[in-house]
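Below, chain A is the first sequence line, B the second, and so on; all start at residue 1.
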There are 2 protein chains.
Amino acid sequence: MAVSKDPSVSIGSETPAQANSLFVTSLERGFAVLEAVGNERRDVGVTEIAAKTGLDKSAAQRFAFTLQALGYLEKNPATRRFRLSRRVLGLAHAYLRTDPLVELATPYLADLRQSCQKRVDLSLLDGFDIVYVVRLQSQREAFGATVIGRRIPAFCSSGGRAMLSLLPEDEARALVERSPRKPLTPHTITDVEAVMAQIARARQDGFAVCIQEALMGEIVVAAPVVDMQGRPRGAVHIAMALADHDENEVRAKFAPMAVAAARLISGGGY
Amino acid sequence: MAVSKDPSVSIGSETPAQANSLFVTSLERGFAVLEAVGNERRDVGVTEIAAKTGLDKSAAQRFAFTLQALGYLEKNPATRRFRLSRRVLGLAHAYLRTDPLVELATPYLADLRQSCQKRVDLSLLDGFDIVYVVRLQSQREAFGATVIGRRIPAFCSSGGRAMLSLLPEDEARALVERSPRKPLTPHTITDVEAVMAQIARARQDGFAVCIQEALMGEIVVAAPVVDMQGRPRGAVHIAMALADHDENEVRAKFAPMAVAAARLISGGGY
DNA sequence: AAGTTTTGTGTCGCCAGGCGATACTTTTAA
DNA sequence: TTAAAAGTATCGCCTGGCGACACAAAACTT
């Protein structure tokens, strides 16, 4: 689920902050089970769930059973192991229908995709990562299905840097410093100062460009979407193959398109 | 969340079946709250959550608080009301990365989109509905963002009819009869016999065509994906504007492409 | 502006829902 | 065949969560 090593779904060490009396532990445990299952590509059994969540076997059994009864998990009758059910897509759909920024941005993104003929994404900042919330594929990209919900570290994504460039310098720096900066490709810039320089450049330009930092062969330009107070709310990405377009062309031709779209969305009254 | 009126998230009438001692009620309640919030476009407060779920105000408060603490709900500090958080996308992403059919189908769908230059979808059957799990947009469609997770009644969708055509006649009929058959457009066929006739035709043809039954101006052809036992596992859709293509062209040109793709996916060892 | 209603927040004692140890059954591995 | 491991079922204890109530803060009304 997480892009990095997966910061343990475990319950073991009681989340200290939420010792609040309103906190319903069972719910937390249920979600821990759900995420534990979701983190594995293969089906997982109750023993393994118990191990991954820190719950004992009985609890794992009960929560898995309940999630299955609710339709969020499916049980393979043959192996008696669990996997996520299509049902979880319902929540994502509800979110996408609900979020005002998504609703507002979608038509502008469609126009942008139409005019640039490249892959267009909308991402949001969430903790150390950006999350893709909308993806409009380009005509010919064969790879990557719909990566809705995918998370990428903000420090090495164009969208992340675009958004960070609008935060106060110290906030941005703090986030970069505290972020696990595991390189995603050989080209990922991980040095704090170097990343901050990229962010500074983005602040000047009004957009950020990343070259093969998240995915080999890919160049991405992103412009930030802001709310009425000027704080970053998201980012518009245009992504393409480095084989087809060099940095100069991206900055000269595509960056202004991303900026224009982001500005339209920002001004849309969100 | 549901496409129809929304069959009440309510807890009130204890789900009788799941009186099993393994069933963890708190989890069910938590999800009821989550879905109650997701069903509304606007933010909802604890009182309203209580009303919609049948929980009392205290319970609604506790679950909403907990879901917020877990990151699945966001609280607007101004209105003190809740909405779904982007966090729910994580589950969808995990599902899409996990499901073997999705993984298997994606490259074939990309090829199909490439060759037909239309919108291509993959759907699964779930209860009375089909659920869209993959969508590859066409080049110029301006509408509809990523409708991952959207549900459409099976009886009036091409994918649904394609899948139903491979079920035993009585099973298919039972599903159609018991399904709420509220028309989505003036062209939606709701008469059971008429729907069964469409399904019979699909059985013969190996694909189903729907014309403006789910969305005005849209014509869709779908072919079923089957598992090793020949039971339907999903459907490949090709959708386009009725303004651009008539039924004859769709049947002659696009149907074979959908069938071929579905067959490749079916044979992919799922 | 004062009153009135509605909605969100905080508290607390009671008790049933859930916890987890244990035992049983089935499957997988050796 | 045997053994180890994983899934399933049971059950008494006890604590987590339930829900009635009171309080505070908005949001309407007049």
Is the distance between the ring centroids of Y72(B) and Y95(A) under 6.0 Å?
no
Any Lys/Arg nitrogen of R83(A) or E40(A) sitting under 4.0 Å from an Asp/Glu carboxylate oxygen of the other?
no
Any idea which of dT8(D), dT10(D), dG19(D) is nearest the K75(A) side chain?
dT8(D)
Counting the benzene-type ring for Trp, do H237(A) and Y132(A) have ring centres under 6.0 Å apart?
yes
At 4.0 Å (heavy atoms only), tell me whether F63(B) reaches a base, stays on the sugar-phosphate, or touches nothing.
sugar-phosphate
Nucleotide nearest S58(A) when distance is taken to its side chain, options dC19(C), dT22(C), dG8(C):
dT22(C)
Could you state the CG-P distance from L73(B) to dG8(C), rounded to the nearest angstrom?
14 Å
Atom-pair distance (CD on Q68(A); C1' on dT8(D)), nearest Å
13 Å
Distance check needed: dT8(D) C1' versus I49(A) CD1, whole Å only.
14 Å
Find the distance F65(B):CZ to dG17(D):C1' and express it as a whole number of Å.
14 Å
Looking only at the side chain of R29(A) (C-beta and beyond, no hydrogens), which of the listed nucleotides dG20(C), dG17(C), dT9(C) gets closest?
dG20(C)
Salt-bridge test for E48(B) and K52(B): reply yes if a basic N is under 4.0 Å from a carboxylate O, no otherwise.
no
With the side chain of Q61(B) defined as its heavy atoms from C-beta on, choose the nearest nucleotide among dT9(C), dA9(D), dT7(C).
dT9(C)
Whole-Å gap separating P (dG8(C)) and CG (L22(A))
14 Å
Find the distance E28(B):CD to dG17(C):P and express it as a whole number of Å.
13 Å
Per atom distances to the R62(A) side chain, the nearest of dA6(D), dG18(C), dA25(D) is dG18(C)
Which of the following nucleotides, dA22(D), dA6(D), dG17(C), is nearest to the side chain of K57(B)?
dA22(D)
Whole angstroms only, please: what is the CG-P distance between D56(A) and dA23(C)?
15 Å
L27(B) CG - dG18(C) C1' separation (whole Å):
11 Å
Contact nearer the 5' end of DNA chain C, comparing A59(A) with T79(A):
A59(A)
Toward the 5' end of DNA chain D, which comes first, G45(A) or S26(A), by nearest nucleotide?
G45(A)
Working note: V131(B) + I152(B), criterion side-chain contact (heavy atoms from CB on, under 4.5 Å); need CA distance, chi angles, decisive distance, verdict.
CA-CA 7 Å; V131(B) 183; I152(B) 299 281; over 6 Å; no
